[in-house]
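First comes the structure, then the notes that go with it.
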Amino acid sequence: MSKATNAADKQPAAPKRGNRPGEAAPVLGFTAAGFRRKLGRWYREHARELPWRGVDDPYATWLSEIMLQQTRVATVIGRYREFLLRFPTIHDLAAADEADVLALWSGLGYYGRARMLLRGAQFVECEMQGKLPRTAVELRTLPGVGEYTAAAIASIAFGESAAVLDGNVERVLLRLLGEAEEKSARARARLVATAQMLTPPASRGRAAKGNPPGDHNQAMMELGATLCLPRSPLCLQCPVMDLCRTRGEHATVARARMQSRTVSHLLALRKRGVATEVLLERRPRDAALMAGMLELPALPLDATEGREPALRLRHAITNTNYYVQIFTERVILEGQMAEPALEQSLLEKIPAAKADLRWTPTTKLVQLPLTGLARKTLQRLKVMAVPPFKIGSER
DNA sequence: AATTCGTGGCC
DNA sequence: TGGCCAAGAAT
């Protein structure tokens, strides 16, 4: 089954049932209760064991949801554990330095998330007695907490009947209802309304029937992440295949074309006593991209002509593939050997204008807010150790 | 409403 | 030296 289909292939609407005229949400064609029951049974059987599941700590739920924004589960697992070891409570996080938080976030991307999480923790600590708000409406006021994340925390941590609509749920609903993807606020509102219709009410007490809203939300996402896949959905294993109008196809909006760029960076090393130091450049504090973080100095492309890079790698950032070449230079300190002629050193090619350069002992690298590219480069070239949470997480 | 923000892994 | 997209949010 191919993903992209013509919207005209849509099947006719199913008979009306369980919706009022004038309501924003589309017709389901089945009962919400029946859908929940099938989904819930499947989820209880097939849910992955993830470190943030079954954890009765709203702060941990908050952290996991921030980390999971646009980031794969497999990538988050190790980082989530590391982060909680270092900052076990909101109180600990609120007292942290931003650079230390960014260092833990290094390589995860979307660094604004880390800054907003820190600001949120400081706000909760100072203004809310260290307790997260318990409703989606209030959670929404925290920096970095949008509509999805507010509903996720409210439902998972506090049992509120607030539907989540992430990329997984959107895909599941579009296929289930036989609709085409549409990037308008109105289309999105319709899907939110649909998701809310399917979400169970808040449970009261332990005698409550049905799934807790938090489990239902996670089940919807789990379905999208493990069966209702973007390309080759596993419909035959799907617990709601009999309710689905498309069995795994939906029309999608065309994505923007990828760009590609070639860039060069310098890995300069020097010995200082027993220590090895590497030359790092700090990005401007007001930079739009990765503000204040550390990276290897950039080299003009024409400065490296005729030289062979120590490493070539591809580094994709959103819509751009960066084809990166790393050139190494070993600097000999005075008194040890003759200095290389400066005019042939790549160090001289670093644009001096706004360069904020520093020599940094390689043993300190782990604690610094490196960009993902700098971290990846330093690890590949064995200047920096691969931290424990990476090992074994790539399988 | 349309852009921008990072990265990794898979095909 | 492609393309795709993931438990989105801010501007």
Side-chain angles (χ1 to χ4, degrees), chain A residues 3-4 48 50 52-53 61-80 102 105-117 119-120 139-153 155-156 163-172 181-188 195 214 217-226 229-232 252-263 283 287-291 293 295 312-325 369-376 379 390 393-395:
Chain A
K3 173 179 70 173
R48 292 170 293 180
L50 300 174
W52 47 86
R53 287 193 172 152
T61 303
W62 179 24
L63 173 66
S64 71
E65 290 302 339
I66 298 298
M67 280 192 169
L68 284 163
Q69 289 169 4
Q70 295 289 283
T71 308
R72 294 177 187 282
V73 166
T75 305
V76 169
I77 291 176
R79 298 309 193 97
Y80 168 84
L102 285 173
W105 212 272
S106 169
L108 262 184
Y110 290 122
Y111 300 100
R113 294 183 295 176
R115 295 193 182 87
M116 290 186 285
L117 179 66
R119 280 200 283 125
L139 286 160
R140 184 69 180 77
T141 66
L142 296 177
V145 176
E147 198 179 352
Y148 161 81
T149 305
I153 300 172
S155 63
I156 295 171
V164 297
L165 184 68
D166 73 331
N168 287 310
V169 178
E170 179 179 10
R171 187 173 58 254
V172 167
E181 181 183 38
E182 195 186 324
K183 296 291 182 191
S184 71
R186 193 173 54 79
R188 187 179 171 75
N217 277 336
Q218 294 188 76
M220 290 290 285
M221 295 188 280
E222 189 88 351
L223 188 64
T226 65
L229 303 170
R231 290 176 211 177
S232 303
T252 55
V253 173
R255 305 291 187 261
R257 286 267 301 270
M258 292 284 283
Q259 314 276 318
S260 63
R261 287 186 55 191
T262 302
V263 294
R283 297 178 60 82
L289 192 68
M290 299 172 278
M293 299 189 70
E295 61 187 354
R312 296 175 200 270
L313 50 85
R314 185 178 72 151
H315 189 73
I317 293 186
T318 311
N319 202 27
T320 306
N321 273 325
Y322 288 91
Y323 293 92
V324 185
Q325 303 183 88
L370 302 171
T371 67
L373 175 57
R375 173 165 295 248
K376 184 159 73 176
Q379 289 173 352
K390 282 287 276 188
S393 73
E394 299 168 357
R395 209 165 356 110

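So that the names make sense, note that chain A is the first sequence line, chain B the second, and so on, each numbered from 1.
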Have a look at [X] and say if it touches a base, only the backbone sugar-phosphate, or nothing, with a 4.0 Å heavy-atom cut-off.
| X | value |
| --- | --- |
| A:Ala152 | nothing |
| A:Met67 | nothing |
| A:Arg283 | nothing |
| A:Trp52 | base |
| A:Val145 | sugar-phosphate |
| A:Ser64 | nothing |
| A:Ser184 | nothing |
| A:Leu50 | base |
| A:Arg140 | sugar-phosphate |
| A:Arg257 | nothing |
| A:Ser260 | nothing |

Among [options], the one nearest [X] by side-chain distance:
| X | options | result |
| --- | --- | --- |
| A:Ile317 | B:dT7, C:dG3, C:dA7 | B:dT7 |
| A:Arg231 | B:dG8, C:dT1, C:dG3 | C:dG3 |
| A:His315 | B:dG8, C:dA7, C:dA9 | B:dG8 |
| A:Arg314 | C:dT1, B:dC10, C:dA9 | B:dC10 |
| A:Thr262 | C:dG2, C:dA6, C:dT1 | C:dT1 |

Nearest-Å distance for atom pair [atom1]/[atom2], residues [X] and [N]:
| X | N | atom1 | atom2 | result |
| --- | --- | --- | --- | --- |
| A:Leu229 | C:dC5 | CG | P | 12 Å |
| A:Glu170 | C:dA7 | CD | P | 13 Å |
| A:Arg375 | B:dG6 | CZ | C1' | 13 Å |
| A:Gln379 | B:dT7 | CD | P | 12 Å |
| A:Leu313 | B:dG9 | CG | P | 13 Å |
| A:Arg72 | B:dG8 | CZ | C1' | 7 Å |
| A:Gln69 | C:dG8 | CD | P | 7 Å |
| A:Met258 | C:dC4 | CE | P | 8 Å |

Please confirm whether the shortest side-chain N or O distance from [X] to OP1 or OP2 of [N] is below 4.0 Å.
| X | N | value |
| --- | --- | --- |
| A:Arg171 | C:dA6 | yes |
| A:Lys183 | B:dA2 | no |
| A:Asn168 | C:dA7 | yes |
| A:Thr75 | B:dG9 | no |

* Asked: Counting heavy atoms not belonging to A:Arg48, are there more than 12 under 6.0 Å from its CZ?
  -> yes
* Determine whether more than 12 heavy atoms belonging to other residues, nucleotides or ligands lie under 6.0 Å from atom CD of A:Gln325. => yes
* Counting only distance, no hydrogens or angles, is the base of C:dC5 paired donor-acceptor with the side chain of A:Arg255 under 3.5 Å? -> no
* hbond_proxy A:Thr71 side chain to B:dG8 base (donor-acceptor, 3.5 Å cutoff) -> no
Residues which pass salt bridge (Lys or Arg N to Asp or Glu O under 4.0 Å) with [X], listed by chain and number, not counting sequence neighbours:
| X | value |
| --- | --- |
| A:Arg113 | none |
| A:Arg188 | none |
| A:Arg312 | A:Glu308 |
| A:Arg171 | none |

Between the protein and nucleotides 3-5 of chain B, which nitrogen or oxygen pairs are less than 3.5 angstrom apart?
from  : atom 1 : to       : atom 2 : distance (Å)
B:dC5 : N3     : A:Tyr110 : OH     : 3.4

If the [atom1] atom of [N] is compared with that of [M], how far apart are they to the nearest Å?
| N | M | atom1 | answer |
| --- | --- | --- | --- |
| C:dG8 | B:dC10 | C1' | 22 Å |
| C:dA7 | B:dT4 | P | 24 Å |
| C:dA9 | B:dG9 | C1' | 24 Å |

* To do: Please check if any side-chain donor atom of A:Ser106 sits under 3.5 Å from a side-chain acceptor atom of A:Arg375, or the reverse.
  => yes
* Structure fact -> Residue set satisfying side-chain hydrogen bond (donor to acceptor under 3.5 Å, both in side chains) with A:Glu170, at least two apart, ordered chain then number -> none
* **Nearest atoms (heavy-atom pairs only) where A:Ala195 meets A:Val164** => CB-O, 4.1 Å
* Given that A:Tyr323 and A:Met221 both sit by DNA chain C, which one's nearest nucleotide is further toward the 5' end? -> A:Tyr323
* Structure fact -> Of A:Ala185 and A:Leu373, the one whose closest nucleotide on DNA chain B sits nearer the 5' end is A:Ala185
* Checking A:Arg140 side chain against A:Val145 main chain: does a donor-acceptor pair fall under 3.5 Å? -> yes
